[in-house]
Amino acid sequence: MDDLQFSIFPNENFVDLNLYQYGWQRCTPSHAYGPATRLHYLFHYVISGTGTLYADDSSGHTSIYPVKSGQGFLIFPNQITTYIADKNLPWEYIWIEFDGLRVKEAMEIAGISMDMPIYRARSHDLRDTMKNEMFYIVHHPDMPPFHLIGHLYLFLDAFLNSIASKRVSKGGTIRDFHIHEALVFIERNFQNDISVEDIADNCGLNRSYFGKIFREYIGRTPQAFLLNYRMTKAAELLKMTELAIADISKAVGYENPLHFSRAFKNVYGVSPRSWRSQNQARA
């Protein structure tokens, strides 16, 4: 029987980076998981042994990746994967499932994608730091949410820097800079009446070019990202506060509560009032 440790993170109120579940497992020979998909990013780091990852790439074809100790693999949201422990030298691994508004951008800058999902560290020291942060999270499931999210940030920092090329570690390309500036502007001004033109102007770009590079990096249009960001913040306020719907509407950039309610329903499928009732009851 497999040795297994598994925990689910109990808090979904973090927007930029959130933790969902995490664990450790020493697998039996030929132990398999899948085919399956995940809703979020799932990273496995192989502590010892070997195994094989079968993963759909961006074109929908299944690629085969042998993975050994000291390496890892990243599963992307909605990607179909199967992974199997070696029959002679089965792997032992540790994993973390996470997501957030900045994760897709970070993975693209670091060069990890559905077509290149294997983690190979350039720095063994940073790899060990990353592994230690993963073990800390797995072994401390009862620590407060903010404490664990802090260690998740430390994990992600070590993860990215352990595989980053010199170009990325020095700040990436000018496009990376523009996307970073756009995300910071949205974070600081989402509660105001801002438009895509305002975001593009802040970056010193015309709207057409800005929209093109934003969609390439983030995977959605600036309009869709801004809407989703505002509604995520609204859901956070609905769940964690007793603020009136009209006040939450203004807090996320909508002067008209009716327009806010319609936008919220388009994203979540229910009205803000219904969403609050359903989620506060489970909190």
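Since the structure is predicted, the reported quantities are computational estimates derived from the model, not experimental observations.
Paired with F43 under the rule side chain to side chain contact (heavy atoms under 4.5 Å, CB included), one option of F159, W95, Y93 passes, and it is F159.
Taken to the nearest 0.5 Å, the CG atom of N228 stands 7.5 Å off from the CZ atom of F225. Note that the CD1 atom of I186 and the CZ atom of R230 stand 9.0 Å from one another [nearest 0.5 Å]. Between the CD1 atom in I199 and the CD atom in Q223 there is a gap of 8.5 Å [rounded to 0.5 Å]. Going from atom OG of S48 over to atom CD of E92 covers 4.0 Å, rounded to the nearest 0.5 Å. For the atom pair S30 OG and N88 CG, the distance stands at 8.0 Å (nearest 0.5 Å). Distance check, rounded to the nearest 0.5 Å: OG of S249 to CD of Q191 gives 13.0 Å.
Counting only N and O atoms by type, the side chains of D157 and N161 include a donor and acceptor under 3.5 Å apart. Side-chain polar atoms of D57 and S59 form a donor-acceptor pair below 3.5 angstrom.
In this structure a side-chain-to-backbone donor-acceptor pair under 3.5 Å is present from H140 to Y136. Here the side chain of R207 pairs no donor or acceptor atom with the backbone of E197 at under 3.5 angstrom. In this structure, the side chain of T28 does not engage the main chain of H31 through any donor-acceptor pair within 3.5 Å. No donor-acceptor distance shorter than 3.5 angstrom exists from the side chain of D247 to the backbone of L243, with no hydrogens or angles considered. For the pair T241 (side chain) and L237 (backbone), a donor-acceptor distance under 3.5 Å is present. In this structure, N202 contributes its side chain and D198 its backbone to no donor-acceptor pair below 3.5 Å. Within the 3.5 Å criterion, the main-chain N or O of I194 finds no donor-acceptor partner in the side chain of N192.
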Stepwise ring pair (Phe, Tyr, Trp, His ring centres under 6.0 Å) check, F98 with Y20: CA-CA 6 Å; F98 61 97; Y20 292 90; 8.9 Å; no
side-chain contact (heavy atoms from CB on, under 4.5 Å) evaluation trace for I96 with H40: CA-CA 10 Å; I96 291 183; H40 312 287; over 6 Å; no
Under the criterion side-chain contact (heavy atoms from CB on, under 4.5 Å), I'd like the reasoning laid out for I245 against L238: C-alpha separation, chi angles, the key distance, then a yes or no. CA-CA 8 Å; I245 302 298; L238 286 165; 3.6 Å; yes
Test S162 against Y119 for side-chain contact (heavy atoms from CB on, under 4.5 Å), laying out the working first. CA-CA 9 Å; S162 67; Y119 168 87; 2.7 Å; yes
CA sep, side-chain torsions, deciding dist, call: K104, Y217, side-chain contact (heavy atoms from CB on, under 4.5 Å): CA-CA 8 Å; K104 184 176 187 294; Y217 272 69; over 6 Å; no
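Crowding of Y153 atom OH: a count of heavy atoms from other residues, nucleotides or ligands under 6.0 Å exceeding 12. Counting heavy-atom neighbours within 6.0 Å of D193 CG, excluding the residue itself, gives a total of 12 or less. Residue K250 places its NZ atom among 12 or fewer non-hydrogen atoms of other residues, nucleotides or ligands, all under 6.0 Å distant.
Applying the side chain to side chain contact (heavy atoms under 4.5 Å, CB included) rule to A263 yields the partners L227, M231, Y254; only residues at least two apart in sequence or on another chain are considered. The side chain to side chain contact (heavy atoms under 4.5 Å, CB included) search around A224 returns R220, T221, not counting sequence neighbours.
Contact check for W24 versus I47: side-chain heavy atoms found under the 4.5 Å cut-off. Between I213 and L205 the shortest side-chain heavy-atom distance falls below 4.5 Å. Contact check for V67 versus T50: no side-chain heavy atoms found under the 4.5 Å cut-off. Looking only at side-chain heavy atoms (C-beta outward), L17 and L156 come within less than 4.5 Å of each other. Within the 4.5 Å cutoff, side-chain heavy atoms of P141 are placed close to those of Y22. Looking at heavy atoms from C-beta onward, D99 lies out of side-chain contact with L19 at the 4.5 angstrom threshold. Residues D86 and W91 are not in side-chain contact: their nearest non-hydrogen atoms beyond the backbone lie 4.5 Å or more apart.
When all heavy atoms are compared, the tightest approach of R122 to I163 is NE-O, 3.1 Å. The shortest heavy-atom contact between K212 and E216 is NZ-OE2, 2.8 Å. Closest approach of P90 and C27 over heavy atoms only: CB-O, 3.5 Å. Between V252 and A234, the closest heavy-atom pair is CG1-N, 3.8 Å. Residue E97 comes nearest to L42 through the heavy atom pair CB-CD1, 3.7 Å, listed as atom of the first residue, atom of the second, then distance. Here the closest heavy-atom approach between residue G211 and residue P222 is recorded as CA-CG, 4.0 Å.
Hydrophobic clustering of Ile, Leu, Val, Met, Phe, Trp and Tyr side chains at less than 4.5 Å, counting indirect connections, keeps V184 apart from I218. In the hydrophobic clustering of this structure, F185 groups with Y209; members are Ile, Leu, Val, Met, Phe, Trp, Tyr whose side-chain heavy atoms approach within less than 4.5 Å, directly or through other members. Hydrophobic clustering (ILVMFWY, side-chain heavy atoms < 4.5 Å, transitive): V138 and L154 are in distinct clusters. Residue M143 is grouped with residue I94 when hydrophobic side chains (ILVMFWY) are merged at heavy-atom distances under 4.5 angstrom, including chains of intermediate members. In this structure, V46 is a member of the same hydrophobic cluster as Y65, with clusters built from ILVMFWY side-chain heavy atoms closer than 4.5 Å.
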Without placing hydrogens or testing angles, list every side-chain donor-acceptor pair under 3.5 Å for residues 69-82, not counting sequence neighbours.
{"residue": "Q71", "atom": "OE1", "partner": "K68", "partner atom": "N", "Å": "3.3"}
{"residue": "Q79", "atom": "OE1", "partner": "F76", "partner atom": "N", "Å": "3.0"}
{"residue": "Q79", "atom": "NE2", "partner": "D56", "partner atom": "O", "Å": "2.6"}

Cut-off 3.5 Å, no hydrogens considered: what does the side-chain donor-acceptor table look like for residues 125-135, sequence neighbours left out?
{"residue": "T129", "atom": "OG1", "partner": "D125", "partner atom": "O", "Å": "3.1"}
{"residue": "N132", "atom": "ND2", "partner": "D128", "partner atom": "O", "Å": "3.2"}
{"residue": "E133", "atom": "OE1", "partner": "H151", "partner atom": "ND1", "Å": "2.6"}

Without placing hydrogens or testing angles, list every side-chain donor-acceptor pair under 3.5 Å for residues 267-274, not counting sequence neighbours.
{"residue": "S271", "atom": "OG", "partner": "S274", "partner atom": "N", "Å": "3.1"}
{"residue": "S271", "atom": "OG", "partner": "S274", "partner atom": "OG", "Å": "3.1"}

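Taking the ring centroids of Y83 and H44, they lie under the 6.0 Å cut-off.
The other members of the hydrophobic cluster of I64, by chain and number, are Y54, I84 (side-chain heavy atoms under 4.5 Å, ILVMFWY only).
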